[in-house]
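Letters A, B, ... are given to chains in the order of the sequence lines, protein chains preceding strands, and every chain is numbered from 1.
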Protein chains: 2
Amino acid sequence: MHMYDSLFVFLSQLNTVSGELKEAITRCLTKQELKKKTLLLQEGKVCDRVYFIEKGLARAYYFMDGQEITSWFMKENDMIISVYSFFSQRISYENMELEEDSILISITNKDLQMLYRQFPEFNFFGRVLTEDYYVRSEERIISHRMQTAEQRYEALFKSSPSLFNRVLNKHIASYLGMSAETLSRIRKKRK
Amino acid sequence: MHMYDSLFVFLSQLNTVSGELKEAITRCLTKQELKKKTLLLQEGKVCDRVYFIEKGLARAYYFMDGQEITSWFMKENDMIISVYSFFSQRISYENMELEEDSILISITNKDLQMLYRQFPEFNFFGRVLTEDYYVRSEERIISHRMQTAEQRYEALFKSSPSLFNRVLNKHIASYLGMSAETLSRIRKKRK
DNA sequence: CCTATTTCTTGATATATATCAAGCAGTTTT
DNA sequence: AAAACTGCTTGATATATATCAAGAAATAGG
């Protein structure tokens with residue numbers, strides 16, 4: 001078992017990775033074991049790393065009128081960035097934080113751009129992954145616009161029941177675009 | 001002036017396009033002059049083309065409780081697809097329609113995938129464009145979550161004043177996530 | 001284990017925006 | 001040019017969900 005196998009298994013599901021490319025990527029990677037509550041990105045800074053979650057769970061959030069609003073949760077086998085900041089390389093409005101002790105593999109944006117230039121075929125992976133996460137984002141937008149608070153709760157509970165054991169209800173509430181009180185009332189009705 | 005110059009000027013701002021790639025792309029392209037109200041995609045079908053708008057304006061919308069909700073407007077020098085349907089190749093929930101007589105250049109998804117396989121460096125363009133539109137989508141999400149109806153109107157009016165002369169107010173209203181009546185009341189206050 | 005802190009629940013009230021309805025103003029059709 | 005649409009405006013009312021407040025339950029710290 002090699003150090004970055006979890007990541008390369010993930011990538012090889014999208015396309016074959018040549019030996020030469022694999023070596024070049026490996027030279028750029030870093031692996032970290034980090035504690036719950038570690039801040040991966042702080043608002044006001046530029047997101048300059050992509051992380052792959054080998055184990056654990058992360059959350060992105062921003063502040064609005066002093067309140068934390070959760071943008072997303074990501075877990076094992078997910079790639080994470082703060083989309084706006086990473087792709088535009090401008091200051092982030094959101095924070096990224098670990099919600100569990102986690103094992104992360106990461107690469108800097110600079111190294112990533114170097115690999116994209118040096119190995120044109122590496123853009124295939126970047127393209128497909130960006131498309132994939134963009135689709136997920138669209139699904140959330142449409143769910144948010146077409147469903148009531150209660151329907152959004154139902155849909156999330158059905159698609160990711162285990163999430164409710166891993167994060168606080170108030171974070172799920174703001175992720176679903178409702179107050180913690182509203183979520184509590186919905187949950188009461190449902191049991 | 002060649003037939004697809006508008007598109008190649010657009011692409012060459014992202015990276016150089018080799019002669020061989022340019023020829024291969026050109027063989028896959030189609031140019032159409034289409035009338036206002038032409039439906040580019042109908043809900044229930046799969047989006048199987050990317051369009052580049054050389055001239056004109058398009059709008060995407062879907063139905064909710066019998067009402068049209070506008071997802072986006074795109075104009076000259078924009079690439080358009082129905083993100084969810086095109087990238088996932090599943091049935092579309094949205095329609096795409098021309099709001100003005102337009103000139104469009106397009107390529108089928110099948111040809112696009114062929115080019116991605118045959119010219120690895122072509123993925124560079126797909127990646128960068130996807131990142132760019134994903135960032136714009138994020139900006140709209142955050143504007144929607146952090147601003148009131150009135151603030152969203154102000155921001156759009158400031159960033160795209162000309163849009164108000166090109167499309168109906170009711171479409172702008174649903175794009176901004178408010179009723180036509182609310183938009184009307186906001187506009188009244190502001191003049 | 002006891003105490004302190006944070007999270008969750010429940011009720012009362014407030015509010016932004018939607019919905020309904022009807023008239024007016026443009027635009028297109030005949 | 002009248003008739004028929006369609007879009008826009010304005011007022012009255014409705015509603016989903018937020019906010020405020022305070023107690024109960026759960027979790028974490030010493």
Side-chain angles (χ1 to χ4, degrees), chain A residues 35-39 57 59 61-70 73 95 97-101 140-157 161 163-191, chain B residues 35-37 57 59 61-70 73 95 97-101 140 143-157 161 163-191:
Chain A
K35 287 281 170 203
K36 180 172 172 168
K37 301 212 170 165
T38 302
L39 210 56
L57 194 144
R59 178 175 75 94
Y61 61 93
Y62 57 90
F63 287 94
M64 182 181 159
D65 305 329
Q67 295 221 314
E68 264 186 29
I69 310 289
T70 296
F73 299 103
N95 303 277
E97 183 180 304
L98 294 179
E99 295 292 311
E100 297 177 354
D101 295 351
R140 271 182 284 138
I141 293 172
I142 201 69
S143 146
H144 212 272
R145 285 191 113 178
M146 293 190 81
Q147 300 185 305
T148 63
E150 195 159 346
Q151 291 171 322
R152 297 195 299 274
Y153 168 79
E154 291 295 346
L156 182 66
F157 189 80
L163 188 63
F164 292 78
N165 307 319
R166 298 177 76 176
V167 301
L168 294 175
N169 278 336
K170 62 174 185 173
H171 293 153
I172 289 183
S174 71
Y175 174 71
L176 289 173
M178 65 183 79
S179 67
E181 292 92 330
T182 296
L183 178 61
S184 174
R185 284 184 253 265
I186 288 171
R187 301 199 72 183
K188 187 186 180 183
K189 272 207 287 188
R190 302 253 81 243
K191 60 179 180 198
Chain B
K35 287 281 169 204
K36 180 172 173 166
K37 301 213 171 167
L57 193 145
R59 178 175 74 95
Y61 61 93
Y62 57 90
F63 287 94
M64 183 181 158
D65 305 330
Q67 295 221 313
E68 263 187 29
I69 310 288
T70 297
F73 300 103
N95 303 276
E97 183 180 304
L98 294 179
E99 295 292 311
E100 296 176 354
D101 295 350
R140 270 182 285 136
S143 146
H144 213 273
R145 285 190 114 179
M146 292 190 80
Q147 299 185 308
T148 63
E150 196 160 345
Q151 291 172 321
R152 296 197 298 274
Y153 167 80
E154 290 295 346
L156 182 64
F157 190 80
L163 188 64
F164 292 79
N165 307 318
R166 298 177 75 175
V167 301
L168 295 175
N169 277 335
K170 63 174 184 173
H171 293 153
I172 289 182
S174 72
Y175 173 70
L176 290 174
M178 65 183 78
S179 68
E181 293 93 329
T182 297
L183 178 61
S184 174
R185 283 185 255 265
I186 288 171
R187 301 200 72 183
K188 188 186 181 183
K189 273 206 287 187
R190 303 253 81 242
K191 61 180 176 196

Colleague: Provide, to the nearest angstrom, the distance between the CD atom belonging to B/Q147 and the P atom belonging to C/dT17.
Modeller: 12 Å
Colleague: What is the distance from NZ of B/K36 to C1' of C/dT27, rounded to the nearest Å?
Modeller: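 Result: 11 Å.
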Colleague: So what is the end-to-end bend of the helix from C/dC1-D/dG30 to C/dT30-D/dA1, with 5 pairs used at each end and the value given to 10 degrees?
Modeller: 50°
Colleague: Taking atom types as they are modelled, is there a donor-acceptor pair under 3.5 Å from the base of D/dT19 to the side chain of A/R185?
Modeller: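 Indeed, a donor on one side and an acceptor on the other fall under 3.5 Å apart.
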Colleague: Please report the distance, rounded to the nearest Å, between CD in B/E68 and P in C/dA18.
Modeller: 17 Å
Colleague: Check whether the side chain of A/E181 and the base of D/dC20 form a donor-acceptor pair under 3.5 Å.
Modeller: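 Result: at least one qualifying N/O pair found.
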Colleague: Would you mind reporting whether B/H144 and A/H144 have side-chain heavy atoms less than 4.5 Å apart?
Modeller: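 Counting from C-beta outward, A/H144 and B/H144 never come under 4.5 Å.
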Colleague: From CZ of A/R187 over to C1' of C/dT7, roughly how many Å is that when rounded to an integer?
Modeller: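 Going from CZ in A/R187 over to C1' in C/dT7 covers 13 Å.
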Colleague: When you measure from the side-chain N and O atoms of B/S184 to the phosphate of D/dC8, is any distance below 4.0 Å, counting only OP1 and OP2?
Modeller: no
Colleague: Whole Å only: how far is the NZ atom of A/K188 from the P atom of C/dT10?
Modeller: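 A/K188 atom NZ is separated from C/dT10 atom P by 4 Å.
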Colleague: In this structure, how many angstroms lie between the P atom of D/dG7 and the CZ atom of B/F164, rounded?
Modeller: 17 Å
Colleague: Would you mind reading off the distance between A/I186 atom CD1 and D/dA16 atom C1', rounded to a whole angstrom?
Modeller: 11 Å
Colleague: OP1 or OP2 of C/dA18 versus the side-chain N and O atoms of B/T182: is any pair under 4.0 Å?
Modeller: yes
Colleague: So, using ring-ring contact (aromatic ring centres under 6.0 Å, His included) as the criterion, who are the partners of B/F157 when residues are at least two apart?
Modeller: B/Y153, B/F164
Colleague: Is A/K36 salt-bridged to A/D101, going by a charged N under 4.0 Å from an acidic O?
Modeller: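 Not counted as a salt bridge, because no side-chain N and carboxylate O are separated by less than 4.0 Å.
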Colleague: Report yes if some heavy atom in the side chain of B/R166 is under 4.5 Å from a heavy atom in the side chain of B/E100; otherwise report no.
Modeller: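 Answer yes - side chains close enough.
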Colleague: Does a side-chain N or O from B/N169 land closer than 4.0 Å to OP1 or OP2 of D/dC8, or not?
Modeller: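 Checking D/dC8 against B/N169, a side-chain N or O does come within under 4.0 Å of OP1 or OP2.
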Colleague: Name all residues meeting the side chain to side chain donor-acceptor pair (under 3.5 Å) criterion together with B/Q67; count only those two or more places apart in sequence or in a different chain, and write none if there are none.
Modeller: none
Colleague: Output the rounded distance in Å from NE2 (A/H171) to P (C/dT6).
Modeller: 13 Å
Colleague: Taking the side chain as every heavy atom from C-beta outward, state whether B/Y175 and B/V167 have any atom pair closer than 4.5 Å.
Modeller: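 B/Y175 does not reach B/V167 side chain to side chain.
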Colleague: Within the structure provided, determine whether A/L39 and A/E97 are in side-chain contact (heavy-atom separation under 4.5 Å).
Modeller: yes
